Amino acid sequence: MSKKDIEDLPQEQAQEAETQETQETAPEESKSAEELLQEERRQQEDKYLRLLAEYDNYRKRSQKEKDNAWTTAKADTVKAFLPVYDNLERALKQETADEAYAKGVQMTMTQLKSVLEKLGIQEIPALGETFDPAVHDAVMHVDDESAGENTIVEVFQAGFQLGDKIIRHAMVKVAN
């Protein structure tokens, strides 16, 4: 019944018609209001889950960046000390008549190797190994029948790594 039809009825009948119309539309309105609330709840729940996932990703990314920063800082510090390692290695290869001097250099080299080991720095194995361009730099090639193909026959400079991170590639001579 339209409003105009209700207005044309006597007052008592008009009130009854309005009440009846209100009762008929009330469940529909409450139903749609209920559906709206459910939809809003679902949207809020979705927002919450997305925010939770975003925070979890942020936390993991921050931890990974922190770990990478620590590893990079450690690797950079060790890289600064590698020339000292190289010089001690050269000094050990030189012959000297002074036994105390040779022993002092050997002790210093042993101590430096110990410090590197405690930091988790490992020397990259090279001599006698198969050449791997990921960890070795070939600066010379030599034809050597006694050595296998792509075998490292001489190490010019030791390489180092920290876990999977290469600090310095090993400089080597490779047999073809």
Side-chain angles (χ1 to χ4, degrees), residues 37-176:
L37 285 173
Q38 287 292 337
E39 181 61 29
E40 187 177 331
R41 184 188 62 81
R42 279 191 289 261
Q43 287 174 353
Q44 291 300 324
E45 190 175 288
D46 185 52
K47 283 182 185 178
Y48 170 74
L49 291 175
R50 288 178 189 273
L51 183 64
L52 188 64
E54 190 175 318
Y55 174 73
D56 191 44
N57 290 339
Y58 167 76
R59 187 179 49 78
K60 288 176 184 176
R61 187 174 55 249
S62 295
Q63 183 63 38
K64 188 176 180 181
E65 287 172 356
K66 180 181 170 188
D67 293 343
N68 284 342
W70 173 248
T71 301
T72 301
K74 197 183 329 184
D76 289 347
T77 303
V78 167
K79 196 171 193 173
F81 282 100
L82 289 181
V84 175
Y85 179 92
D86 295 336
N87 288 332
L88 286 172
E89 201 170 60
R90 285 186 204 104
L92 286 172
K93 290 179 182 176
Q94 299 299 316
E95 290 187 31
T96 181
D98 189 355
E99 291 293 321
Y101 172 77
K103 186 175 180 181
V105 172
Q106 180 62 44
M107 289 173 58
T108 305
M109 182 61 140
T110 303
Q111 188 176 21
L112 181 58
K113 284 182 177 181
S114 174
V115 168
L116 292 175
E117 188 177 303
K118 285 178 185 176
L119 290 172
I121 308 299
Q122 300 170 340
E123 188 171 338
I124 296 171
L127 191 60
E129 298 286 322
T130 303
F131 176 73
D132 179 5
V135 293
H136 304 120
D137 278 339
V139 293
M140 289 182 71
H141 290 280
V142 65
D143 290 327
D144 190 352
E145 296 297 323
S146 63
E149 192 170 327
N150 283 336
T151 301
I152 297 171
V153 292
E154 189 176 345
V155 178
F156 297 115
Q157 191 176 53
F160 294 91
Q161 65 186 20
L162 175 60
D164 292 336
K165 183 176 179 69
I166 303 296
I167 297 172
R168 179 175 77 182
H169 291 79
M171 239 190 283
V172 298
K173 181 193 293 185
V174 180
N176 286 341

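A quick note: this is a predicted structure, and the numbers were derived from the prediction, not measured.
Shown here is Glu117, whose CD atom has no more than 12 heavy atoms of other residues, nucleotides or ligands within 6.0 Å. Within a 6.0 Å sphere centred on OH of Tyr101, other residues, nucleotides and ligands contribute 12 heavy atoms or fewer. The environment of CD in Gln44 is crowded: more than 12 heavy-atom neighbours from other residues, nucleotides or ligands sit within 6.0 Å. Heavy atoms from other residues, nucleotides or ligands lying under 6.0 Å from CD of Glu89 number more than 12.
For the atom pair CZ of Arg168 and CD1 of Ile121, the computed distance is 12.0 Å after rounding to the nearest 0.5 Å. Distance check: Thr77 OG1 to Leu82 CG gives 11.0 Å after rounding to the nearest 0.5 Å. Put simply, OG1 on Thr72 and NZ on Lys74 are 11.0 Å apart, with the number rounded to the nearest 0.5 Å. Between Lys113 atom NZ and Leu116 atom CG the span is 9.5 Å, to the nearest 0.5 Å. The CD atom of Glu149 sits 10.5 Å away from the CG atom of Asp143 when rounded to the nearest 0.5 Å. Distance check, rounded to the nearest 0.5 Å: CZ of Arg50 to CD of Glu54 gives 10.0 Å.
You'll find the side chain of Lys103 reaches within 4.5 Å of the side chain of Met107, heavy atoms only. Between Val115 and Leu119 there is a side-chain heavy-atom pair separated by less than 4.5 Å. Between Leu51 and Lys47 the shortest side-chain heavy-atom distance does not fall below 4.5 Å. Counting heavy atoms from C-beta on, the side chains of Val142 and Val153 come closer than 4.5 Å.
Nearest heavy-atom pair, Pro83 versus Lys79, reported as atom, atom and distance to 0.1 Å: CD-O, 3.5 Å. Here the closest heavy-atom approach between residue Ala126 and residue Val172 is recorded as CB-CG1, 4.1 Å. Across all non-hydrogen atoms, the minimal contact from Ile166 to Ala134 is CG1-O, 4.0 Å. Considering every non-hydrogen atom in both Gly128 and Thr151, the closest pair reads O-CG2, 3.8 Å. Taking all atoms of both residues into account, the shortest heavy-atom contact from Asn176 to His141 is OD1-ND1, 3.5 Å. Between Val174 and Ala138, the shortest heavy-atom contact is CG2-CB, 3.8 Å.
Sorted by first and then second residue, the side-chain hydrogen bond (donor to acceptor under 3.5 Å, both in side chains) pairs involving residues 121-138 (not counting sequence neighbours) are Tyr85-Glu123.
In this structure, Arg41 pairs ionically with Glu45, as a charged nitrogen and a carboxylate oxygen lie closer than 4.0 Å. Residues Asp67 and Lys64 are not paired through a salt bridge, judged by the lack of any N-O separation under 4.0 Å between the basic side chain and the carboxylate. Salt bridge Arg42/Glu39: present, at least one basic N to carboxylate O contact under 4.0 Å.
Of the possible donor and acceptor atoms, one in the side chain of Thr108 sits under 3.5 Å from a partner among the backbone N and O of Gly104.
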Intermediate values then yes/no, salt bridge (Lys or Arg N to Asp or Glu O under 4.0 Å), Lys173 and Asp144: CA-CA 11 Å; Lys173 181 193 293 185; Asp144 190 352; over 6 Å; no

